[in-house]
Amino acid sequence: MMEIRPLLMCFALCVVYATSKPTEKKERIHHDAPLSSREHDDAQGFDYDHDAFLGQKEAKSFDDLSPEESKRRLGVIVEKIDGDSDGFVTEVELKAWIKKAQKKYIYENVDRQWKDFDVNNDGMISWEEYRNVTYGTYLDDPEPDDGYNYQHMMARDERRFKMADQNGDQIANKEEFTAFLHPEEYDHMKHIVVLETMEDIDKNGDGFIDLNEYIGDMYNHEDEMEEPDWVATEREQFSEFRDKNKDGKMDREETLDWILPSDYDHAEAEAKHLVYESDLNKDGKLNKEEILNKYDLFVGSQATDFGEALVRHDEF
Ligand SMILES: *[C@@H]1O[C@H](CO)[C@@H](O)[C@H](O)[C@H]1NC(C)=O
Ligand SMILES: [Ca+2]
Ligand SMILES: [Ca+2]
């Protein structure tokens, strides 16, 4: 049996936010991971596009390749992106691919944890496996005296597991387990992220977050201390922006807008951009030839220095 406590505590406490000192603000908002640390300016080069298309680590590995080798590898990638193998890469497929590159660090995190939970090594994680590994000690001794409500935490995990388990067989594959561990990354999990957040904050259990609950969640008031300025600002934020229908409390919709703001979707914008720049015959989708034609936009190679990229850019 593995050491249970640190793991459990991390799932309970660190997944959504890190706990903090009384005067520091607790953050509930989830933002998109950036596609690249570089500026997106195609006049200066395609580094941003390369990072977005391949992920930053992978993008680097193309930098020393000959154009021929870059194109060869890109050809292999194109076949992977073309999920339904109809010979075309659509904007939707491209967006899914870019999202995947964006999520690479999350997948790596899931990979690291995978073997701890896949007890029977069959490449899947059943709810029972997860439960045994995470709550085994509790299940052996259901009345531990350490202040944690394991029954409650387990029920909450099971509910989230079922939500992530899209085909309902109580067994998670890689993608489903990723959705379980990182629900904020998945559209079909947004509902559960909102629900869990509301349950945490809604102390009087009326199904809404009122102003006191909202402030109480981010700020632990201590009598001898004066309220920091940001708390006053948050009170205004609540009334002006969070409580959109002005009934004095936040419902699910309003909570969703708060913790999972539908920011500008970088992956979608980049997919549109790549299609626009490469779609020679203007049919709205890309075939392999069109992509390989613009290989320097998608991946790097030795020849793709600033000047050359511009020259090639002007030919179209
Ligand atoms: C979970 O633990 C119970 C009790 O120890 C055991 O009977 C069961 O086989 C375990 N399930 C899995 C999938 O490991
Ligand atoms: Ca409430
Ligand atoms: Ca409201």
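The first residue of the sequence shown is numbered 1, and numbering continues consecutively from there. First listed ligand is number 1; within each ligand, the first listed atom is number 1. Below, each value reflects all heavy atoms present in this structure, side chains not excepted, and no hydrogens, waters or symmetry copies.
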I'd like to know whether the aromatic ring centres of [X] and [Y] sit less than 6.0 Å apart in this structure.
X: F180; Y: Y130; value: yes
X: Y214; Y: W258; value: yes
X: F46; Y: F298; value: no

Does NZ belonging to K174 count more than 12 external heavy atoms closer than 6.0 Å?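 For K174, atom NZ is crowded (more than 12 foreign heavy atoms under 6.0 Å).
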Specify whether the nearest protein heavy atom to atom 2 (O) of ligand 1 is under 4.0 angstrom away.
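Under the 4.0 Å cut-off, atom 2 (O) of ligand 1 does have protein heavy-atom neighbours.
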### Query
Is there a protein heavy atom at a distance of less than 4.0 Å from atom 7 (O) of ligand 1?
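No.
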query: So is there a nitrogen or oxygen of E128 less than 3.5 Å from a nitrogen or oxygen in ligand 1?
result: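 N/O-N/O distance below 3.5 Å exists for this pair.
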Short list, please: which atoms of ligand 1 are under 4.0 Å from a heavy atom of N132?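 Those of ligand 1 that fall under 4.0 Å from N132 are 1 (C), 2 (O), 3 (C), 8 (C), 10 (C), 11 (N), 12 (C), 14 (O).
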